[in-house]
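Comments concern the structure below.
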Amino acid sequence: AVIRNPDNPDRPAWMPLSQIATDGALGALPELTCAAAAVTATTLDIQAATNTTIGLSVPSTVVLATSTTETSTTTSTTTTIASDVTPPTVTVTPNSDHLYVLTNRPPCSTESTLEVTIVVADRTLPLSIRSIIATWNSPAGPQTASLQPLAGNRFSLQITSNGPAGGETPLTLTATAADGAGNVGTGQAVVSLRDPSSFGCA
């Protein structure tokens, strides 16, 4: 479906019908063949839009909007859709540079939950976050934990056990995302996972 871009109302944006909620009858919408739609798109000034969060409240997938698929005219009568082979850019931003293994003792108890924001930038919709995993090494060996969705593109993480034996150890946050063309991109951020007893909290 073609909708008006919320950031640029004079320009269209292409969206999968499955992501559009409307009270109108979808069957009453005019339909174009792929070729006609492509020609129509080239007559409009379609440019890259700024990243905008759509915000689907789905635990396993968060869809983020960027821009419409670019088009290019190869001759005066033939129009082709430019192929997208570039993976999306994934940015992982934690709200702190450290995280304490879960404890109920202050002041570390207020810093035992990490909030992480994931931004996916790409020109081809739909965009989806496939996984967000935290990894670290402990005396028991390599450890992993999944982040839990909060709202929009924000996620939270708590580590309840198997932290470092003392002090702190690197905790790597890895997010993987895909665009509508099937390209997969990865982003990472590293924070310190701390043992509360080493900081006078437990």
Side-chain angles (χ1 to χ4, degrees), residues 19 48-67 84-202:
Q19 296 177 9
T50 55
N51 294 339
T52 302
T53 299
I54 291 180
L56 297 180
S57 298
V58 181
S60 60
T61 302
V62 174
V63 178
L64 308 176
T66 53
S67 65
D84 180 5
V85 296
T86 304
T89 301
V90 183
T91 305
V92 181
T93 306
N95 69 337
S96 174
D97 62 0
H98 62 269
L99 171 68
Y100 287 100
V101 176
L102 189 62
T103 179
N104 58 5
R105 295 192 180 184
C108 298
S109 56
T110 62
E111 300 178 55
S112 58
T113 299
L114 190 69
E115 188 174 303
V116 179
T117 301
I118 309 296
V119 175
V120 183
D122 196 272
R123 62 179 183 155
T124 306
L125 295 175
L127 304 181
S128 62
I129 297 175
R130 291 187 171 183
S131 65
I132 310 174
I133 301 294
T135 58
W136 72 99
N137 290 317
S138 77
Q143 304 292 319
T144 63
S146 297
L147 280 74
Q148 301 302 311
L150 290 174
N153 59 342
R154 296 184 298 112
F155 299 80
S156 67
L157 173 67
Q158 285 186 335
I159 304 299
T160 59
S161 60
N162 292 323
E168 55 190 2
T169 190
L171 176 72
T172 302
L173 308 167
T174 303
T176 301
D179 63 15
N183 302 305
V184 177
T186 300
Q188 287 188 332
V190 178
V191 301
S192 296
L193 179 61
R194 294 181 173 180
D195 171 31
S197 62
S198 298
F199 294 85
C201 299

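Nearest heavy atoms, P139 versus A165: CG-CB, 3.7 Å. The two atoms that bring I133 and S146 nearest to each other are CD1-OG, 3.6 Å, heavy atoms only. The heavy-atom pair separating G167 from S198 by the smallest distance is N-OG, 2.7 Å.
By the side-chain hydrogen bond (donor to acceptor under 3.5 Å, both in side chains) test, T169 is found to be paired with no residue, residues two or more places apart in sequence or in another chain being considered. Under the rule for a side chain to side chain contact (heavy atoms under 4.5 Å, CB included), the partners of A181 that lie at least two apart in sequence or sit in another chain are D84, T124, D179, N183. Checked against side-chain hydrogen bond (donor to acceptor under 3.5 Å, both in side chains), E115 has the following partners two or more places apart in sequence or in another chain: R154. Remark: E111 pairs with no residue by the salt bridge (charged side-chain N to carboxylate O under 4.0 Å, His left out) rule, at least two apart or across chains. Partners of T113 under the side-chain hydrogen bond (donor to acceptor under 3.5 Å, both in side chains) rule, at least two apart in sequence or in another chain, are Q158. Residues satisfying the side chain to side chain contact (heavy atoms under 4.5 Å, CB included) test with T110, not counting sequence neighbours, are none.
Counting only residues at least two apart or on different chains, no salt bridge (charged side-chain N to carboxylate O under 4.0 Å, His left out) pair has a member in residues 138-153. Residue pairs meeting the ring-ring contact (aromatic ring centres under 6.0 Å, His included) criterion with at least one partner in residues 86-115, sequence neighbours excluded, are H98-Y100, Y100-F199. Pairs passing the ring-ring contact (aromatic ring centres under 6.0 Å, His included) check and including a residue from residues 101-131, sequence neighbours excluded, do not occur. Sorted by first and then second residue, the salt bridge (charged side-chain N to carboxylate O under 4.0 Å, His left out) pairs involving residues 139-148 (not counting sequence neighbours) form an empty list. Sorted by first then second residue, the side chain to side chain donor-acceptor pair (under 3.5 Å) pairs that include residues 133-142, not counting sequence neighbours, are S138-Q143.
Side-chain contact between L99 and L193: present, with at least one pair of heavy atoms (C-beta onward) separated by less than 4.5 Å. Using a 4.5 Å cut-off on side-chain heavy atoms (C-beta onward), L114 and N95 make contact.
Without hydrogens or angle criteria, T103 side chain to R105 main chain gives a donor-acceptor distance under 3.5 Å. Judged by distance alone, with hydrogens and angles left aside, the side-chain atoms of S112 form no donor-acceptor pair with the main-chain N or O of L102 at under 3.5 Å. Side chain of N153 to backbone of T117: no donor-acceptor contact under 3.5 angstrom is found.
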Atom pairs and distances, side-chain donor-acceptor, residues 170-177, under 3.5 Å, sequence neighbours left out:
unit_1	atom_1	unit_2	atom_2	d
T174	OG1	Q188	NE2	2.9

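Distance check: L127 CG to I129 CD1 gives 9.0 Å after rounding to the nearest 0.5 Å.
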